[in-house]
Protein chains: 2
Amino acid sequence: MATIIEVAAAAGVSTATVSRVLSQPGRVAEATRAKVMEVVAALDYRPNVAARTLRTLRAAKILLTVPDISNPFFASVIRGAEEAARDAGYAMVLGDTRHDPEVEDQYAEMLSRREVDGLVFLGHRLPASLEALVARQGASAPIVNGCEYSPEIGVPSVHIDNAAGSADAIEHLVQLGHRDIGVITGPPISPISRDRLTGALRAAERHGLKDRLCLREGDYGADSAHRAARELLAEGVTALFCFSDEMALGAISAVGAAGLSCPRDVSVIGFDDLPLARFFHPALTTIAQPKGMIGRRAVELLVGILRGIEPVERQLTLAHELIRRTSTGPAPNTR
Amino acid sequence: MATIIEVAAAAGVSTATVSRVLSQPGRVAEATRAKVMEVVAALDYRPNVAARTLRTLRAAKILLTVPDISNPFFASVIRGAEEAARDAGYAMVLGDTRHDPEVEDQYAEMLSRREVDGLVFLGHRLPASLEALVARQGASAPIVNGCEYSPEIGVPSVHIDNAAGSADAIEHLVQLGHRDIGVITGPPISPISRDRLTGALRAAERHGLKDRLCLREGDYGADSAHRAARELLAEGVTALFCFSDEMALGAISAVGAAGLSCPRDVSVIGFDDLPLARFFHPALTTIAQPKGMIGRRAVELLVGILRGIEPVERQLTLAHELIRRTSTGPAPNTR
DNA sequence: CCTGCGGATGTAATCCTTTACATCACCCCT
DNA sequence: AGGGGTGATGTAAAGGATTACATCCGCAGG
């Protein structure tokens, strides 16, 4: 691999000139520029990134960690984030933490070691090794949280109003005449789960149904929801609100396995609006999150911090939307 | 951020000793080691990766590019690959190319610039900028192809026997009495699609059904399959073989939309065995790929090349498996 | 004709780590 | 006691790019 020294020699100029041709072409005479570019092409020269990073202390990279790459929800967020990063001149490095704090820490090390300039993390845990960084740098720490939101970690974040979205789901079911509603939640350790639960309870309370809500804890995976739904169906619920579309799929599967029909006997509503949700059978009613926009805004926030711009809003709440499809219908007793 | 020089000064040793403590602790006296480690902890020192990479010409990173991060199929492959990379002491950088040759090239640049030591790509296209590299380095080029396989690109690869898997699917349907079988393929540009088509045709031929197969081209997404299935159902097929589980979901959705029932009126069989496939309604019969193992073996192959070991087998064919669930059943006319 | 200025280019320090080689102290053996 | 070996540590040279500062040249203005 050719180095800048060889290029300089071949073009009969100094390395400084070659460097300038590549990074600030305007500051070089046209003839020189052309000559250098010719040699660059001939030698197939590519600047060594390690050397550049070492010198400039800037990696031009952003790290995005997701807790579970197999969750299609994150795919759309990733897309949005990557586009925004590209727009801002950053490359995006993607890490799958598998909900494992140890792996999260390993990725966080990339920031400590300056392998990347900033971090967008989509989980709910700020890696331990970065707490000191946040404490030290405060608002200028190049870290942004996406999807989730924990005020106590002191990091800017982008998310929807999960409590409100959850309330909308309950409201929708109540409107359809459902009174016996099962809720399959997420692990309470995640603020998202807690917010959604709060919202669901609040909405139920408005209709005097708070104590009638049947709660079961899921883990956002179809499997856990399948089991939880089986139990809830045995208790006679006519509607199931799942904290994720994937869990809703598991719930629908349980409805069928119980010899019941969705939505005739049991309505199911999800959360996220996965691209596949409209192909579920029946097509899934769900609360849509602006997934791409969450990713995009999170990166934009981060880039702002990297450029030294204190964000006006450190908490960005984007709009959600109830998508009505065919997995929800009138409660059986109301027909 | 502390540097090795500050650590050396604080510990009263030379930078060489600090470096040795960190990378080859055995070659340093115990007392010195302890002292240095103490200072390292006190100063929260982390080696600068750029400097290390520059000096060693080794990034300790592997790049994995996937054509579509939103396809859950790849999630399992990624997991396997990451585990193998970790085992071998490499970090994994993940790139989503969105089937875009331009983006593929951008990621390939990371290899040219030595930002990463090697590349595992899961698409079917070798980025143009790497063709020269392969031509020059031949078998020692640190590039491995996963899932797909194109002999002409001259790169080692890990995959299943797609033709055989496809044949198994057709065989399964024929065994159930189906004669009018619709096949929703993938874009013929992908070798995978071509192999699967070949296999399907060969199996059909064995039963004298070759000309009776109804073919429609899909793009591996649910949407395209939904449309294709609608057309095929109008032609009266009793079974649909889809080249991906995602397409199978779209097909099942079309079966329902046509007022038919799966599997009573129409059987559907997919390909891949996504984690969610067993929660489809009905649960999907499909050809399972050893996804995690594909990722793992691909990385192991790459690591072998990076260590200078010429692989014995440059093409690794792993075993697939027919998973019988409830989306396939006897042909209606045979009951 | 001299001065000064601006544009183009070169010189060389710097970023931080690794490692080949040099050095040094100490011990064992003859 | 001297020579040779061994183990621990230091010295200093890369590794490749960027950039502050220096230099040089030509030209315009006085």
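The basis for the numbers below is simple: all heavy atoms, side chains too, and nothing from hydrogens, waters or symmetry mates. What you are looking at is a predicted structure, and each value in this text was computed from that prediction instead of being measured. Lettering follows sequence order; numbering is per chain, from 1.
Applying the 3.5 Å distance criterion, the base of C:dT18 shares a donor-acceptor pair with the side chain of B:R55. For a distance-only test at 3.5 Å, the side chain of A:R20 qualifies as a donor-acceptor partner of the base of C:dG10.
Spacing between atom CZ of B:R58 and atom C1' of C:dT18 amounts to 13 Å, rounded to whole angstrom units. Put simply, CD1 on A:I5 is 7 Å from P on D:dA17, counting in whole angstrom units. One can place CD1 of A:I4 at 17 Å from P of C:dA12, the figure rounded to the nearest angstrom. Rounded to whole Å, atom P of C:dA8 lies 13 Å from atom CZ of A:R33. One can place CG of A:N48 at 10 Å from P of D:dT18, the figure rounded to the nearest angstrom. Atom pair A:R46:CZ and D:dT18:C1' shows a separation of 20 Å (rounding to whole Å applied). One atom, CG of B:L22, and another, P of C:dC16, lie 16 Å apart when rounded to the nearest Å. Following rounding to the nearest Å, A:E30 (CD) and C:dT9 (P) show an atom-to-atom distance of 11 Å.
Using a 4.0 Å heavy-atom distance criterion, A:T32 is classed as a sugar-phosphate-only contact. Note on A:S19: a base of the nucleic acid sits closer than 4.0 angstrom, heavy atoms only. If you check every strand for non-hydrogen atoms under 4.0 Å, A:A29 touches sugar and phosphate atoms only. Using a 4.0 Å heavy-atom cutoff across all strands shown, B:V13 reaches sugar-phosphate atoms only and no base atom.
Each of B:L54 and B:G12 was matched to the nucleotide of DNA chain D holding its nearest heavy atom; the match closer to the 5' end belongs to B:G12. Each of B:A50 and B:V28 lies near DNA chain D, and the nucleotide nearest B:V28 is the one positioned closer to the 5' end. In this structure, A:R27 and B:Y45 both approach DNA chain C, and ranking their closest nucleotides by distance from the 5' end singles out A:R27.
No cation-pi contact links B:R79 to B:F74, judged by a cut-off of 6.0 Å to the six-membered ring centre and 45° from its axis.
Looking at the side chain of B:A51, the nearest of the listed nucleotides D:dT18, C:dT17, D:dT9 is C:dT17. Of the listed nucleotides (D:dT11, D:dT19, C:dT18), C:dT18 has the atom at the smallest distance from the side chain of B:R52. When the nucleotides D:dT19, C:dT19, D:dG15 are ranked by their closest atom to the side chain of A:T56, D:dT19 comes out on top. For A:S14, the side-chain atoms get nearest to C:dG10 when compared with the rest of C:dG10, D:dT19, C:dC15. Nearest nucleotide to the side chain of B:P47, out of C:dT17, D:dT9, C:dG10: C:dT17.
For B:T53 (side chain) and B:V49 (main-chain N/O), a donor-acceptor pair under 3.5 Å exists by modelled atom type.
Heavy-atom contacts from other residues, nucleotides or ligands closer than 6.0 Å to CZ of A:R86 number more than 12.
Phosphate contact (OP1/OP2 of C:dA8, side-chain N/O of A:T17, threshold under 4.0 Å): absent.
Checking B:Y149 against B:T317 by side-chain atom types alone, no donor-acceptor pair falls below 3.5 Å. Between the side chains of A:T3 and A:Y45, no donor-acceptor pair of N or O atoms lies under 3.5 Å.
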Could you walk me through whether B:R297 and B:E300 pass the salt bridge (Lys or Arg N to Asp or Glu O under 4.0 Å) check?
CA-CA 5 Å; B:R297 289 267 182 270; B:E300 287 172 355; 2.9 Å; yes
